[in-house]
S.K.: 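Quick one: the structure is below, questions incoming.
Throughout, numbering of the chain's residues begins at 1 and tracks the sequence. Ligands are counted one by one from 1 in listed order, and the atoms in each one are counted from 1 as well. Treat the numbers as computed from the prediction; the structure is a model and nothing was measured.
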Amino acid sequence: MNITLQLSAQSCTDIAAQAYVVFCEHPLEHAPLESLKKIYPPLEAVIAQRTFTGKAGSSCVVTGVRDGQPAYVMLIGVGSLKDAEHERVEQFRRAVGTMIRAAEPLSITRLAVCAPSLELVGKDPWVLGKEFASTVYLAAYHFNGFITDKARCFDRDYDITLCIPEQHRGGVELGIEYGTRVGRAVNQSRQWCDLPALNLTPTDLANQAQRIAQAHDLKITVFDKAKIYQEKMGGIIGVSRGSSQEPRLVIMEYKSDAPKAPTLALVGKGITFDSGGLSIKPAVSMETMKDDMAGAAAVISTMEAIAHLKPKVNVIAAAPICENMINGEATRPGDILTFYDGTTAEVKNTDAEGRLVLADAMAYVKKHYKIDHMITVATLTGSCAAALGPFFAGLMTQDESMKNRMLAAGRISGDRLWPLPLHDDYRRAIRCDVADLCNIGSDRYKAGAITAGFFLKHFAGDLSYVHLDIAGTAFNVPDIAYYRPGATGFGVRLLVDLLSTWE
Ligand code: BES
Ligand code: ZN
Ligand code: ZN
């Protein structure tokens, strides 16, 4: 997939292309349709016939003629200006997704696009460029590598010209640069999630992190199995013990030039396959468990994007990576693990493994770095997915100002968050008679997403701490045109926007 995005101050119909795209607001009154009538004279009649009014999610595609050749006209609805600004931007993203989805079966790769009014995206040309570019990348992503019938593959190179007034060129160009970095990082994260566990082992993912660090001169530390045992990281040891794949702990560092920049730690769950261990999952729940490293993929990909974008914060990304499998060595329910910081936990359920590996990574980062805020990103609980479904990830924190920053980043990025109460009342759910903590919450407290959050919070201690449960949003999100079945790369857009807008 190769995407070329160019800007032009010409009217879109003056550009040679296979398709002419106009984003239309609802109601249609102001849509710039005049020049399209040269390509397709009965345009207004067709619009009336199909009752196309520019509503969000709608589109109207016809074939006309330009210079004696067939040329498509695509009208894509972006909804009403009356919606809240972040909702309008999201409708614009979905409209960009609809544009690519419409282009795919028609084999259209050269498009001339008439930009929507700046009103739609909050009057900022930079936002227009950012959202257009990042979403073209997201929408054009396909996980095709294992499909041999090329007719089924939409792996295309796009050549897209975005037509904008000359005075906006500078802003849109910078936005496109940013959006391109973000879009590529999201797709990299999706690619790793979509790869079967057979093709992306813990060692493979750690090697990918190493490759990125080398390419961008980021400092990186990778602990192998021997080092993890030597450091007594009992959580990672306990979870990986039943697998023939060696575990890894990856730590990447980005340092900003800005004086007095704060330091954020991003810790991502990297279970390359979660069978549940001896507390084995039912077959259907296991089908998607190659995606259980989506948190690690998000934080590692975020590091690549920010290596280019250079935000004014220091960032430590940590990813404990291993498989949760079963053999004669596998951790048993009732076993007690001792983590890097000396805390002990009884493993009542081997399927609650994400918190066990995150605990060691959090404790290590807390001990060895001066951190201002710590954020965990994890496909942690089915409970969160059941509570919030596929469109919002669970946000848990006791730091009000971080909560507001995160919610704002969620709204501007499109990776949306919804708060769950990380209230101290839930803490007692993970009390244990035989160890410091229990790795599952007591039945009486329900709220599995929150009790998991409390388990993690123990290892952040007194740090400002945010937990994101992305179990519902990391893969198989329906109805959003710029996604496909499979991984979403959730978290990358969010974290890159959070870090880039930090003040
Ligand atoms: N990886 C799963 C959580 C998950 C479920 C992610 C569905 C994505 C989609 C996690 O390791 C897990 O199995 N959690 C258990 C915890 C329980 C045993 C306390 C769960 O949610 O059922
Ligand atoms: Zn599990
Ligand atoms: Zn898991």
Side-chain angles (χ1 to χ4, degrees), residues 193-194 197 202 205 235-236 238-243 247 267-298 319-326 330-335 337 345-359 361 376-394 396 420 426 429-430 432 437-456 467-478 485-488 490-491:
C193 290
D194 283 334
L205 185 52
I236 303 177
V239 174
S240 62
R241 197 156 22 214
S243 167
V267 187
K269 170 177 173 182
I271 300 295
T272 57
F273 187 75
D274 182 8
S275 71
L278 285 168
S279 315
I280 194 166
K281 284 182 181 296
V284 172
S285 308
M286 223 188 281
E287 282 174 7
T288 52
M289 282 301 113
K290 66 173 182 176
D291 291 272
D292 209 20
M293 33 53 73
I321 311 172
C322 68
E323 276 188 335
N324 188 20
M325 298 286 278
I326 303 171
T331 291
R332 295 151 286 251
D335 285 357
L337 306 177
E346 182 186 11
V347 179
K348 277 206 179 135
N349 189 314
T350 62
D351 196 11
E353 83 298 339
R355 63 198 81 181
L356 303 176
V357 299
L358 288 166
T376 47
V377 189
T379 46
L380 205 62
T381 66
S383 160
C384 188
L388 297 177
F391 302 124
F392 287 78
M396 286 160 258
L420 297 175
Y426 295 94
I430 50 169
C432 181
L437 303 171
C438 176
N439 85 323
I440 54 171
S442 141
D443 250 1
R444 284 182 296 147
Y445 293 78
K446 314 283 190 243
I450 300 170
T451 56
F454 262 107
F455 187 95
L456 296 179
H467 169 49
L468 304 176
D469 193 329
I470 63 169
T473 55
F475 52 87
N476 295 352
V477 171
T488 59
F490 189 98

S.K.: Do I280 and M286 have side chains that get closer than 4.5 Å, going by heavy atoms?
M.R.: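 Yes - at least one pair of side-chain heavy atoms lies under 4.5 Å apart.
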
S.K.: At what distance is the nearest protein heavy atom to atom 22 (O) of ligand 1, and which residue and atom is it?
M.R.: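 Of every protein heavy atom, G382 N, 4.4 Å lies nearest to atom 22 (O) of ligand 1.
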
S.K.: Can you tell me the protein heavy atom closest to atom 7 (C) of ligand 1 and the distance?
M.R.: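 Looking at atom 7 (C) of ligand 1, the protein heavy atom closest to it is M289 CE, 4.0 Å.
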
S.K.: If you compare all heavy atoms of N324 against all heavy atoms of T350, which two are closest, and at what distance to 0.1 Å?
M.R.: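 Taking every non-hydrogen atom into account, ND2-O, 3.2 Å.
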
S.K.: Which atom pair, heavy atoms only, marks the closest approach of G268 to L358?
M.R.: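 Heavy atoms only, the tightest pair is C-CD2, 3.8 Å.
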
S.K.: For E353, take its heavy atoms, then give the atoms of ligand 1 lying under 4.0 Å from any of them.
M.R.: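 By the 4.0 Å cutoff, the relevant atoms are 11 (O).
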
S.K.: Which protein non-hydrogen atom lies closest to atom 2 (C) of ligand 1, naming both residue and atom, and how far is it?
M.R.: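 In this structure, atom 2 (C) of ligand 1 has D274 OD2, 3.6 Å as its nearest protein heavy atom.
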
S.K.: Do D291 and T379 come within less than 4.5 Å of each other through their side chains, counting heavy atoms only?
M.R.: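 They are not in side-chain contact.
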
S.K.: Less than 3.5 Å between some nitrogen or oxygen of I440 and one of ligand 1, yes or no?
M.R.: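 Min N/O separation from ligand 1 is not below 3.5 Å for I440.
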
S.K.: Look only at interatomic distance and state if N349 has a nitrogen or oxygen under 3.5 Å from any nitrogen or oxygen of ligand 1.
M.R.: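 No, there is no polar N/O contact under 3.5 Å.
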
S.K.: Which heavy atom of P202 sits nearest a heavy atom of I321, and at what distance?
M.R.: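 Scanning both residues completely, I find the closest heavy atoms to be CA-CG2, 3.6 Å.
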
S.K.: Looking only at non-hydrogen atoms, find the nearest pair between D469 and M396 and report the distance.
M.R.: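 Answer, listing the atom of D469 first, then M396: CB-CE, 3.9 Å.
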
S.K.: Check each heavy atom of M286 against ligand 1 and say whether those closer than 4.0 Å belong to the side chain, the backbone, both or neither.
M.R.: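 None of M286 does.
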
S.K.: Looking at CG of L337 and CG of L437, how far apart are the two atoms once the value is rounded to the nearest 0.5 Å?
M.R.: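 Output value for this atom pair is 11.0 Å.
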
S.K.: When you measure from atom 12 (C) of ligand 1 to every protein heavy atom, which one gives the shortest distance, and what is it?
M.R.: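 Its nearest protein heavy-atom neighbour is D351 O, 3.2 Å.
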
S.K.: Enumerate the atoms of ligand 1 whose separation from the nearest heavy atom of K281 is less than 4.0 angstrom.
M.R.: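 Listed by number with element, the hits are 2 (C), 12 (C), 13 (O).
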
S.K.: Which heavy atom of I440 sits nearest to which heavy atom of A352, and what is that distance?
M.R.: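 Closest approach of I440 to A352: CG2-CB, 3.7 Å.
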
S.K.: Below 2.8 Å, any N, O or S contact between K269 and the Zn ion (ligand 3)?
M.R.: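 Checking the Zn ion (ligand 3) against K269, an N, O or S atom does fall under 2.8 Å.
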
S.K.: In D274, the N, O or S atom nearest to the Zn ion (ligand 2) is which?
M.R.: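 Relative to the Zn ion (ligand 2), the closest nitrogen, oxygen or sulfur of D274 carries the name OD2.
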
S.K.: If you count the atoms of ligand 1 from 1 in the order shown, which ones are under 4.0 Å from a heavy atom of A471?
M.R.: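 Those atoms are 6 (C), 8 (C), 9 (C).
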
S.K.: Does a side-chain heavy-atom distance below 4.5 Å link C322 with S243?
M.R.: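 A side-chain contact under 4.5 Å is absent here.
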
S.K.: So, of the N/O/S atoms that D292 has, which is the nearest one to the Zn ion (ligand 3)?
M.R.: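 Within D292, restricted to N, O or S, the Zn ion (ligand 3) is closest to atom OD2.
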
S.K.: Rounding to 10°, state the angle centred on the Zn ion (ligand 2) that links OE1 in E353 with O in D351.
M.R.: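 OE1 of E353 and O of D351 make an angle of 70° at the Zn ion (ligand 2), to the nearest 10°.
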
S.K.: Is any N or O atom of R355, backbone or side chain, closer than 3.5 Å to an N or O atom of ligand 1?
M.R.: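 Looking only at distances, the answer is no, because the N/O contact criterion of under 3.5 Å is not met.
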
S.K.: Between P247 and S240, which heavy-atom pair has the shortest distance, and what is it?
M.R.: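 In terms of heavy atoms, the two residues are closest at CG-OG, 3.6 Å.
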
S.K.: Does an N or O from D292, backbone or side chain, lie closer than 3.5 Å to an N or O of ligand 1?
M.R.: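 Among all N and O atoms of D292, at least one is under 3.5 Å from an N or O of ligand 1.
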
S.K.: What do the steps show when you test V477 against F391 for side-chain contact (heavy atoms from CB on, under 4.5 Å), and what is the final call?
M.R.: CA-CA 7 Å; V477 171; F391 302 124; 3.8 Å; yes

S.K.: To check your reading of the model: name the closest protein heavy atom to atom 10 (C) of ligand 1, its residue, and the distance in Å.
M.R.: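 That would be L380 O, 3.3 Å.
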
